[in-house]
Amino acid sequence: FVGSLTFDDDRLLEVPIIIPQGEPNENEMQNLAAYLMAGGFVMAEQFDFDGFWTEALEKYGGLVRGRDFYTQRLPEDHPIFSAFFDLRGGIAQGATRFDDPYYWNALKGLYVKGRLVAIPRANAGIGGYFGYASGRDATRILQFAVNTVIYALTQEGSMTQRLMQMVN
């Protein structure tokens, strides 16, 4: 655990999972793009990955939206739902965004070169927007957070794998 750091911190490429708050400024977007392409994983505040995400990857990563990076709803059998706890059927029931059927038990992720690089953090798009999860049982949401960390650390191409290969 590093604590607080900004997108322009030299240690960014040594931290496998980040939980940023706010948006990167113009100078920090280059580091965000480099971080995502180097195997980093983001538990984001945002439910959708437009705006600065797209700008950073296109402008500083040289990537093409739709070909090199895209957002996609994770299928119910995605490995993130079974990385530790068996949460088949998707994210926490009752922890949805605006109780809209489209978002019910749904999770969108950002992919770069086929690797999942970002999802909304457990208390963001899947239950925390404007306090929608307050008063609900948080067990499944917390289980999903554990699954997310395990998945992010162990997925193919992750920063953890790359750092471990350098050590060995």
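Model, not experiment: these values are computed from the prediction. Keep in mind that the numbers below use all heavy atoms, side chains included, and drop hydrogens, waters and symmetry copies.
The side-chain heavy atoms of Phe7 and Pro20, taken from C-beta on, include a pair separated by under 4.5 Å. Side-chain contact between Leu116 and Tyr151 is present, with heavy atoms from C-beta onward closer than 4.5 Å. Inter-residue side-chain proximity for Lys108 and Gln72 is flagged as unmet; no heavy-atom pair is nearer than 4.5 Å. No side-chain heavy atom of Ser82 sits less than 4.5 Å from a side-chain heavy atom of Leu87. Contact annotation: the side chain of Met37 never approaches that of Leu32 to less than 4.5 Å [non-hydrogen atoms, C-beta and beyond]. Using a 4.5 Å heavy-atom threshold, the side chains of Thr148 and Met43 count as touching. Side-chain contact check for Phe41 versus Ile119: some heavy-atom pair is nearer than 4.5 Å.
Phe49 and Thr54 get closest at one heavy-atom pair: O-OG1, 3.7 Å. Nearest approach of Pro24 to Glu28, heavy atoms of both residues: CA-OE1, 3.3 Å. Taking all atoms of both residues into account, the shortest heavy-atom contact from Leu5 to Arg11 is CB-NH2, 3.9 Å. When all heavy atoms of Ala152 and Ser158 are compared, the closest pair comes out as O-CB, 3.3 Å. In this structure, Tyr35 and Leu13 approach most closely via the heavy-atom pair CA-CD2, 3.6 Å. Scanning all heavy atoms of the two residues, the minimum distance from Asp50 to Arg65 falls at OD1-NH2, 2.6 Å.
The backbone N or O of Gly22 sits less than 3.5 Å from a side-chain atom of Glu45, completing a donor-acceptor pair. Within the 3.5 Å criterion, the main-chain N or O of Lys113 finds no donor-acceptor partner in the side chain of Asp68. Side-chain atoms of Asn147 come within 3.5 Å of backbone N or O of Phe84 as a donor-acceptor pair.
Ile17 and Val146 fall within a single hydrophobic cluster, where Ile, Leu, Val, Met, Phe, Trp and Tyr are joined by side-chain heavy atoms under 4.5 Å apart, directly or via other members.
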* Before giving the answer on ring-ring contact (aromatic ring centres under 6.0 Å, His included), spell out for Phe81 and Phe144 the whole-Å C-alpha distance, their side-chain angles and the decisive distance to 0.1 Å. => CA-CA 7 Å; Phe81 297 120; Phe144 181 72; 5.8 Å; yes

* Asked: Please walk me through it: do Val42 and Val117 pass side-chain contact (heavy atoms from CB on, under 4.5 Å)?
  -> CA-CA 6 Å; Val42 179; Val117 299; over 6 Å; no

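Heavy-atom contacts from other residues, nucleotides or ligands closer than 6.0 Å to CG of Asp10 number 12 or fewer.
For the atom pair CD (Gln155) and CG (Leu153), the distance works out to 9.5 Å, reported to the nearest 0.5 Å.
The aromatic rings of Tyr111 and Tyr70 lie parallel to each other, with less than 30° between the two planes, well short of the 60° mark.
For the side-chain hydrogen bond (donor to acceptor under 3.5 Å, both in side chains) condition, the pairs that include at least one residue of residues 17-27, sequence neighbours left out, are Glu26-Lys59, Glu26-Tyr60.
Qualifying side-chain hydrogen bond (donor to acceptor under 3.5 Å, both in side chains) partners for Thr160, counting only residues two or more places apart in sequence or in other chains: none.
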